Structure formats: C-alpha cells, structure tokens
Amino acid sequence: MPISPFETELYERLSDFFARSGFVSLVEKKQFRKSTDTGFQNVIFSVTPYENETWLEVNFGLRHQQLEQTAQQFLSNLAEFRDDANTLVVSIGKFNDTRYFRYKITHDARHGPADLDETCELIKDFLLETGFDFLDQHSHLPELHALLNSEPTKPCKYLYNQTHRAFKGLIAARLSQHADFPRLADVYRNQLLKMGASFHDLHQYERLLSYLLYHSVN
C-alpha cells in the first residue's frame with residue numbers, strides 16, 4: 001500500500017522511541033514490530049485523511065507463534081496474511097473502553113500537521129504507562145489462556161473477530177494443558193452457534209477440536 005507524506009512524517013517522529021524499546025519500523029505493513037521469544041508484538045497505525053485534518057487510529061497487539069501455527073490451519077485467512085496474523089489486537093480507544101476514539105490532527109496550510117507532536121507524545125505515554133506492560137504480560141500461554149477464556153460467553157475486546165476468539169481460546173486452553181479444556185470446547189461450540197457461524201466455520205471448529213484431542217500439540 002502507498003505511504004502518504006503524513007505517514008512518512010509520523011513514522012520518522014516515532015522511530016527513535018520505538019527503537020529504544022526494541023521495535024523496528026515496518027512501514028509497508030503500517031506498523032512497528034518487535035520479535036519476542038514467543039512470536040512478536042506490534043503497534044499498528046491506521047490513517048484516514050480528511051480535508052483539514054487526519055484521523056489516526058492506533059492498534060497494538062501480539063502474536064503467539066505456537067498458537068497461531070495451529071489456528072491458521074483452521075481459520076479462513078488468506079495464505080499470504082497468515083504469517084502476520086495477530087493473536088491479540090486492540091485499539092487504544094477500545095482498550096480504554098472509549099468507543100470510536102481516534103486521534104485527530106489538524107492541518108495548517110503553512111506548517112503541516114499542527115498537532116502531530118502532541119499526538120505522538122500521547123501515544124508514547126500510553127505505551128510506556130500501559131500498552132507495553134500489557135503486551136509483555138500476555139505474551140505467554142498461561143496469561144493468554146486467562147485473558148481469552150476467563151469469560152467465554154462474553155465478547156473478548158482484545159480481538160475483533162469473535163469467531164477467531166473461539167478457535168484461539170480453545171487452542172490456548174489445550175496448549176496450556178488446562179483442565180477446563182473439555183468445558184470450553186462445548187461453550188465455544190454453543191457460542192459459534194449463537195453467533196450464526198457459517199457451516200464452514202463450524203466444520204473447521206470440529207476439525208480443530210479433533211486435532212487438539214488426538215494430536216500432540218506440545
């Protein structure tokens with residue numbers, strides 16, 4: 001995807017900050033990313049231009065490689081996107097329970113994006129105070145299991161696709177060898193039915209369950 005002048009300036013202003021925390025710039029993927037022992041963490045930027053301002057949404061998340069290697073065999077993601085799929089991803093607004101939150105940067109005809117410095121500082125403050133700690137805390141299976149499966153009948157705000165949550169929650173329970181796995185298998189099947197999941201997704205869920213029951217996943 002083409003990179004706008006605004007995005008170029010945004011990544012330039014944030015590159016040193018992210019580098020100090022071990023992240024590299026992947027401008028073509030609209031994100032900064034850090035490799036971890038279990039996969040990666042990333043911060044993703046979505047830019048929407050308007051006539052006199054730009055709206056910026058910031059998502060942050062992580063990928064647990066072992067979990068995703070199993071999940072992507074059964075989900076309907078396009079093959080070219082599977083290696084980049086996040087296990088968790090949430091916007092700063094959604095994380096803070098502020099619906100439809102976006103950073104808004106006004107544009108001055110002479111000086112460009114007037115509020116960009118302030119916006120960058122707000123993003124940095126959030127990540128340093130909250131975001132990075134959240135990612136570090138949930139990069140391992142026990143914590144992922146707790147986050148995904150503590151309330152399996154309610155939507156999980158830390159991923160956008162609740163069908164995928166059912167698959168990934170079940171895998172997290174199995175990989176962490178949690179005793180609640182059999183109950184969760186039934187709960188998520190019922191949740192998929194309530195959500196009106198397609199026949200294909202239901203079939204894939206049963207294939208996943210069979211795989212987790214009868215194959216070694218350690």
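The figures here come from the full heavy-atom set of this structure, side chains too, leaving out hydrogens, waters and symmetry mates. Source: prediction; values computed, not measured.
- The shortest side-chain heavy-atom distance between Ile3 and Lys30 falls under the 4.5 Å cut-off.
- Residue pairs meeting the ring-ring contact (aromatic ring centres under 6.0 Å, His included) criterion with at least one member in residues 161-183, sequence neighbours excluded: His145-His178, Phe167-Tyr205.
- Proximity of a side-chain donor or acceptor of His138 to a complementary backbone N or O of Phe134 within less than 3.5 Å is detected.
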Test side-chain hydrogen bond (donor to acceptor under 3.5 Å, both in side chains) on Tyr188 and Asn149; report intermediate values, then the result. CA-CA 10 Å; Tyr188 283 130; Asn149 296 324; 2.6 Å; yes
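- Nearest approach of Leu67 to Ala172, heavy atoms of both residues: CD1-CB, 3.9 Å.
- The only member of Arg63, Gln31, Arg33 that meets side chain to side chain donor-acceptor pair (under 3.5 Å) when paired with Asp84 is Arg33.
- In this structure the side chain of Asn52 never reaches within 4.5 angstrom of the side chain of Thr106, judged on heavy atoms.
- When all heavy atoms of Leu10 and Cys120 are compared, the pair lying nearest together is CD1-SG, 4.0 Å.
- Residues Phe32 and Phe17 place their aromatic rings such that the two centres sit no closer than 6.0 Å.
- Contact check for Val89 versus Ile44: side-chain heavy atoms found under the 4.5 Å cut-off.
- When hydrophobic residues (I, L, V, M, F, W, Y) are linked wherever their side-chain heavy atoms come within less than 4.5 Å, Phe40 remains an isolated member.
- Residue pairs meeting the side-chain hydrogen bond (donor to acceptor under 3.5 Å, both in side chains) criterion with at least one member in residues 89-101, sequence neighbours excluded, are Asp97-Lys157.
- Of all heavy-atom pairs between Gln69 and Gln73, the closest is O-NE2, 3.0 Å.
- Asp136 and Gln41 share a side-chain donor-acceptor pair at under 3.5 Å.
- Here Phe6 and Phe45 keep their ring centres 6.0 angstrom or further from each other.
- In terms of modelled atom types and a separation under 3.5 Å, the side chain of Glu68 and the main chain of Asp83 share no donor-acceptor contact.
- For the pair Thr87 (side chain) and His64 (backbone), a donor-acceptor distance under 3.5 Å is present.
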